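Ligands are counted one by one from 1 in listed order, and the atoms in each one are counted from 1 as well. Worth saying up front: this structure is predicted, and the values here are computed from it rather than measured.
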Amino acid sequence: MSPSVVVVGGGYGGYKIAKTLDGVAEVTLVDPSDAFLHNVASWRALVEPEWLDRIFFPYDRLLRHGRFLRDRAVEVDGRRVTLASGTRLEPDYLVLATGSYYPSPAKWGDADSATARAGMRASHEALRGAARVLVVGAGPAGLELAGEIKTTFPDKRVIVADQAPDVLAGPFDQELREELRRQLDKLGVELALGSPLRGLPDVEPATAGNVSVTNEDGDEMAADVWFRCFGVVPATGYLRGALAEARDEAGYLRVDDQLRVVGQERVFAIGDISDAERNMAGLAGFQADFLAANLTVLITGEGELGRYRINPPMIAVPLGPEGGAGQFPGFDGIVPAEVVADVKGRAMLVDKHLEQFDAAKG
Ligand SMILES: Cc1cc2nc3c(=O)[nH]c(=O)nc-3n(C[C@H](O)[C@H](O)[C@H](O)COP(=O)(O)OP(=O)(O)OC[C@H]3O[C@@H](n4cnc5c(N)ncnc54)[C@H](O)[C@@H]3O)c2cc1C
């Protein structure tokens with residue numbers, strides 16, 4: 001019998017490694033939702049709800065040989081996994097891929113697809129009815145959201161507020177920030193940077209209401225809806241014992257250069273839950289590919305184990321389907337809007353995931 005692999009969490013990293021190892025090992029994928037949410041395209045679905053039909057991928061179409069358990073890990077201690085249903089698993093290899101929480105309507109925690117769809121429709125209605133929108137957070141998610149809103153609803157007033165002095169914190173070229181600011185300005189997005197808010201609005205995010213905030217500079221901002229575009233929190237509350245101890249100060253699981261959780265022999269972590277790299281879907285996918293190759297070596301006894309190498313900075317920030325800019329390794333200078341639109345902005349990478357959820361093809 002093939003060795004068993006349990007993957008906890010079916011996000012970008014988890015579904016990919018489960019799919020890649022399907023057939024090589026006896027794979028079990030565990031996720032409390034019925035469908036993978038391609039949250040990279042959540043903002044597009046927020047402004048154009050017909051996209052809701054393109055961003056949920058049912059797990060029952062993923063694996064041909066392995067099984068999908070719609071369940072939640074409530075305790076994981078070493079390789080011992082206890083699920084909410086009471087089922088216990090103790091596989092030969094355990095992959096933790098529970099990712100991170102992020103405010104809705106971008107992500108929906110472990111809600112099922114019907115709940116997430118209904119929530120995104122309600123958020124769309126709140127946005128549609130708003131003349132003024134406040135986006136708190138000028139990272140890639142906040143900028144993309146502002147770009148989507150202004151492209152679809154050019155008459156709405158959109159303000160992006162952040163305590164950071166510039167847009168897009170992180171290891172990126174200043175030229176990229178300048179290009180994004182230039183395009184945002186052209187779209188009519190207003191920036192209120194370099195001053196922390198005295199407090200968050202007392203209205204729920206993504207909900208219609210009288211939003212009013214003031215920053216430390218004394219600027220008052222009023223809106224009819226606001227979106228919280230900061231606050232990635234790794235999902236690790238179910239870890240026990242040495243695994244819980246393996247978290248760093250920020251809550252990420254520390255892994256070695258084979259993505260093995262420190263101090264564990266056959267427990268691995270990929271994606272946003274791990275401290276391997278920045279929180280990105282693309283990197284979760286790279287880590288899934290890397291670990292699938294290494295686990296295949298361990299399972300078959302053939303080939304050599306690789307060491308995971310940190311990737312250089314890379315990002316594509318669409319501002320609507322045709323706008324935006326990016327930075328790619330090996331690309332000379334800033335990646336222009338046409339290229340960002342080709343690789344991401346127009347189709348939002350939906351086909352890439354669609355082709356993985358093809359088990360029904362037999
Ligand atoms: C608006 C927005 C836009 C983004 N755009 C980009 C982009 O363009 N490019 C990019 O690279 N990154 C982007 N990101 C970042 C990207 O979404 C994350 O890095 C990515 O989701 C991480 O994938 P993951 O596989 O680690 O986990 P996640 O996608 O967070 O998935 C985790 C899965 O684990 C499940 N789970 C959680 N707890 C449990 C449990 N106890 N038991 C079982 N299952 C559990 C959840 O239900 C979920 O399905 C964006 C993020 C946002 C919010």
If the threshold is 4.0 Å, N to carboxylate O, is there a salt bridge linking Arg254 and Asp248? no
Electrostatic pair Asp358-Arg64, nearest N-O below 4.0 angstrom = yes
In Lys150, Lys344, Arg44, the residue satisfying salt bridge (Lys or Arg N to Asp or Glu O under 4.0 Å) with Glu144 is Lys344
Distances for all N or O pairs of ligand 1 and the protein under 3.5 Å?
from     : atom 1 : to     : atom 2 : distance (Å)
ligand 1 : 8 (O)  : Lys344 : NZ     : 2.3
ligand 1 : 11 (O) : Ala281 : N      : 2.9
ligand 1 : 11 (O) : Gly282 : N      : 2.9
ligand 1 : 12 (N) : Ala281 : N      : 2.9
ligand 1 : 17 (O) : Asn39  : OD1    : 2.6
ligand 1 : 17 (O) : Asn39  : ND2    : 3.4
ligand 1 : 19 (O) : Asp272 : OD1    : 2.8
ligand 1 : 19 (O) : Asp272 : OD2    : 3.2
ligand 1 : 19 (O) : Met280 : N      : 3.2
ligand 1 : 19 (O) : Ala281 : N      : 3.1
ligand 1 : 21 (O) : Asn39  : ND2    : 3.3
ligand 1 : 21 (O) : Lys107 : NZ     : 3.2
ligand 1 : 25 (O) : Tyr12  : N      : 2.9
ligand 1 : 25 (O) : Gly13  : N      : 2.8
ligand 1 : 26 (O) : Asp272 : N      : 2.8
ligand 1 : 30 (O) : Ser100 : N      : 3.2
ligand 1 : 30 (O) : Lys107 : NZ     : 2.7
ligand 1 : 41 (N) : Ala73  : O      : 3.1
ligand 1 : 42 (N) : Ala73  : N      : 2.9
ligand 1 : 47 (O) : Asp31  : OD1    : 3.0
ligand 1 : 47 (O) : Asp31  : OD2    : 3.3
ligand 1 : 49 (O) : Asp31  : OD2    : 2.6

Residues at least two apart in sequence or cross-chain that pass ring-ring contact (aromatic ring centres under 6.0 Å, His included) with Tyr238, listed by chain then number, are none
Could you tell me if the ring centre of Tyr12 sits under 6.0 Å from that of Phe36?
-> yes
- Message: Under 4.0 Å between a side-chain nitrogen and a carboxylate oxygen: does that hold for Arg181 and Asp185?
- Response: no
